[in-house]
Amino acid sequence: MKKNIILSYLLLFVFAVSFTGCKKWLALKPQDGIVKDEFWKTKEQVQASVIGIYSSMMEYSTGTYGNVNYVPSMAELLFIWGEGRADHVANATASSADDIALINVNIQSTNVNANWRPFYRTINFCNTVIEKAPEVLANDNTFTQAQLDQYLSEALTIRALMYFYLVRTFGDVPLKTDATLSDENITPIPKSPKADVFNQIVADLKLAETKAVTTYGNVASDKGRVTVYTVNAILADVYLWMEKYTESVAACDKIINSGKFGLIKGATRNGPVVEYSDSWFNTLYYNGNSNEGIFELQYSPQRLNPYFPIFSSTFSARRWTAVGDLMERVFTIDLTDDKNYDIRGDGASVRAASSSVWKYIGASATGLRATDQSYAHWFFYRYADILLMKAEALNELGGKGQEALDLIYTVRERANALDATDLTPGPNDKMLIQDFIVEERAREFCFEGKRWYDVLRNAKRNNYERLNMLLSMVALSVPSNMQQSAQAKFKDVNSHYLPIFLYEIQTNKLLIQNPFYK
């Protein structure tokens with residue numbers, strides 16, 4: 001790893017923000033700066049280090065967009081990795097050549113969207129806390145084992161989450177679990193096999209589960225920091241990828257049975273009449289930290305997200321836009337009754353009139369956020385995800401199709417999903433239920449960075465039994481004159497992973513480029 005990726009010292013300069021509004025977790029200001037050996041003396045310093053982990057996930061991009069020196073923020077990459085190769089977004093007027101290449105399945109190792117630096121930076125922050133925090137027990141007699149366990153659970157969980165993104169995006173990746181505290185610690189390391197990375201993720205999460213808290217005593221922290229339910233949510237997702245469906249169901253049930261979460265009701269049907277909740281969008285997306293949230297990356301007026309300029313309502317400044325047929329293809333439109341609609345569609349996920357990605361820039365169904373209101377949260381997991389992950393796992397176990405369908409319809413009913421999107425599978429029609437879940441997840445999590453991973457996870461199951469899912473998707477997302485080439489590439493499963501960024505190959509001689517890009 002190069003110096004710029006895994007830092008010589010753990011920098012903990014968190015932006016100075018005060019308690020305002022919803023009192024985000026990151027409103028806690030650390031009292032110390034650079035982490036060195038003499039730093040690890042007090043519990044307050046450990047707390048500052050843990051705050052630094054969360055802050056690192058919210059770092060801004062560096063360099064000039066469109067240039068080779070541009071390093072995207074993690075927030076950008078969470079969106080781009082999950083949506084850029086899928087079928088819900090398209091390039092816009094301000095897109096760079098790198099964005100267009102990603103969409104067109106023509107990405108090269110020089111593409112800035114393949115730069116994993118923000119993720120390894122956060123991993124090193126986690127590694128440093130895991131390695132150094134236990135030393136403070138001997139230095140500060142007011143620091144308890146329970147406090148240490150809580151902080152370790154946060155570091156272990158976020159490290160696991162970072163590796164989960166990396167292994168799904170790049171395949172084999174370097175696996176580093178010790179901290180880089182000085183230049184002497186920086187040594188080249190090779191990639192580890194995907195199986196080893198997944199095993200480390202599970203080991204971290206299982207250990208974190210034994211140490212994590214159920215609550216911090218306030219809503220903002222419970223949604224913005226790692227709790228045991230965050231651990232369970234990630235485990236459920238990881239087990240789906242590992243095709244361990246019994247374990248995935250068990251992880252989902254721990255969240256469901258806690259009674260601490262529920263769906264925010266968007267629509268209620270009384271016979272032919274549908275009543276829509278005007279507060280649904282505001283509660284779930286504009287404010288965040290709702291009863292549905294499990295783990296959210298919390299932005300605030302003092303710490304804005306990068307999404308407003310990316311999805312600008314001004315088309316000439318927009319970098320990513322919704323595909324033109326999103327409403328018709330994903331949500332559908334009732335042409336006979338304009339009062340019958342899926343509340344997740346126009347005015348929630350997308351603004352159909354302008355093809356805007358609305359979820360992050362809208363203040364209501366029709367009102368736009370101001371630039372200084374660009375603090376929509378990024379959702380890693382919310383309760384709807386748990387219900388649909390459990391449905392997926394139940395369906396794969398066999399003989400539990402009706403249970404899976406019941407969960408799918410629970411999610412659909414809260415949003416008034418239209419009849420035209422109901423595939424009406426029978427409880428024993430395993431493949432059609434698979435399709436139903438994938439399509440329902442497309443509606444529920446539109447633009448939340450899950451679409452590519454959802455399709456890939458289902459396509460690769462049983463030795464790529466359903467590769468056609470990826471081929472069908474690329475036929476929708478790539479321009480017609482490039483579709484044949486893109487589909488031919490996707491038939492090679494190695495193309496489903498991004499290339500390792502060229503600078504990494506040049507500076508770490510033990511790294512080998514991913515097979516498709518050699």
Side-chain angles (χ1 to χ4, degrees), residues 4-36 39-40 42-63 71-79 115-133 147 150-163 165-166 179-181 208 216 218 220-227 230 288-289 293 295-307 374-380:
N4 289 335
I5 294 181
I6 299 184
L7 303 180
S8 297
Y9 298 109
L10 177 59
L11 300 180
L12 291 173
F13 292 117
V14 180
F15 285 75
V17 294
S18 58
F19 286 102
T20 59
C22 4
K23 296 184 179 179
K24 313 292 186 186
W25 155 238
L26 283 171
L28 295 174
K29 181 183 175 183
Q31 301 300 311
D32 301 90
I34 297 176
V35 175
K36 301 178 183 177
F39 178 88
W40 297 94
T42 69
K43 63 184 179 185
E44 288 78 17
Q45 291 167 334
V46 178
Q47 182 191 47
S49 302
V50 174
I51 295 172
I53 294 173
Y54 293 94
S55 182
S56 72
M57 292 193 287
M58 304 171 76
E59 287 293 314
Y60 295 122
S61 58
T62 59
V71 180
S73 65
M74 184 183 295
E76 291 174 69
L77 293 175
L78 290 170
F79 175 82
N115 193 335
W116 61 29
R117 182 188 305 185
F119 290 81
Y120 275 106
R121 178 184 61 219
T122 296
I123 286 169
N124 192 54
F125 287 11
C126 296
N127 288 343
T128 304
V129 169
I130 294 166
E131 184 173 313
K132 302 295 288 185
Q147 290 171 321
Q150 171 197 305
Y151 292 138
L152 290 176
S153 76
E154 295 178 85
L156 287 162
T157 300
I158 295 176
R159 181 172 75 179
L161 182 62
M162 296 297 98
Y163 275 121
Y165 273 98
L166 289 168
T180 299
L181 300 171
Y216 295 93
N218 65 85
S221 294
D222 286 351
K223 306 300 181 180
R225 295 176 69 178
V226 168
T227 66
T230 310
N289 292 347
F295 188 44
E296 306 176 16
L297 198 55
Q298 296 179 336
Y299 293 94
S300 70
Q302 295 80 21
R303 184 63 167 167
L304 300 176
N305 65 42
Y307 298 128
S374 185
Y375 43 76
H377 292 187
W378 178 264
F379 293 90
F380 285 111

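Note that the structure is predicted; figures quoted are calculated from it, not measured. Basis for what follows: all heavy atoms, side chains included, without hydrogens, waters or symmetry-related copies.
- Heavy-atom minimum distance, Y54 versus V226: OH-N, 3.0 Å.
- Listed here is the closest heavy atom pair of F380 and M57: CZ-SD, 4.5 Å.
- At least one donor-acceptor pair closer than 3.5 Å links the side chain of Y307 to the backbone N or O of A75.
- Between F119 and L166 the shortest heavy-atom distance is CB-CD2, 4.0 Å.
- Judged purely by atom type and a 3.5 angstrom limit, R225 has no side-chain atom pairing as donor or acceptor with the backbone of E154.
- Shortest non-hydrogen contact noted between P118 and M74 is O-CE, 3.4 Å.
- Under a cutoff of 6.0 Å and an axis angle of 45°, R303 and Y60 form a cation-pi pair.
- In this structure, S153 contributes its side chain and Q150 its backbone to a donor-acceptor pair below 3.5 Å.
- With a 4.5 Å cut-off on side-chain heavy atoms, Y299 and P306 count as touching.
- A donor-acceptor pair under 3.5 Å links the side-chain atoms of E131 to the main chain of A179, judged by distance alone.
- Between the OG1 atom of T230 and the CZ atom of F295 there is a distance of 5.5 Å, given to the nearest 0.5 Å.
- Although no hydrogens or angles enter the test, the distance criterion places a donor-acceptor pair under 3.5 Å between the side chain of N305 and the main chain of A376.
- Between the CG atom of L152 and the CZ atom of R159 there is a distance of 10.0 Å, given to the nearest 0.5 Å.
- The CD1 atom of I130 sits 12.0 Å away from the OG atom of S49 when rounded to the nearest 0.5 Å.
- The distance from atom CE of M58 to atom CG of L304, rounded to the nearest 0.5 Å, is 9.5 Å.
- Taking 4.5 Å as the limit, every side-chain heavy atom of H377 sits out of range of all side-chain heavy atoms of K223.
- With a 4.5 Å cut-off on side-chain heavy atoms, T180 and N127 do not count as touching.
- Considering OH of Y120 and CG of N115, their distance stands at 12.0 Å, rounded to 0.5 Å.
- Here CD of E76 is found 4.5 Å from OG of S61. Values are rounded to the nearest 0.5 Å.
- Scanning both residues, Y151 and V46, for their nearest heavy atoms gives CD1-CG1, 3.5 Å.
- Checking side-chain atoms of Q298 against main-chain N and O of A220 turns up a donor-acceptor pair under 3.5 Å.
- L161 has its side chain out of reach of T157: every pair of non-hydrogen atoms, C-beta onward, lies at least 4.5 Å apart.
- The closest side-chain heavy-atom distance from W116 to L77 is not below 4.5 Å.
- Of all heavy-atom pairs between G52 and F125, the closest is O-CD2, 3.4 Å.
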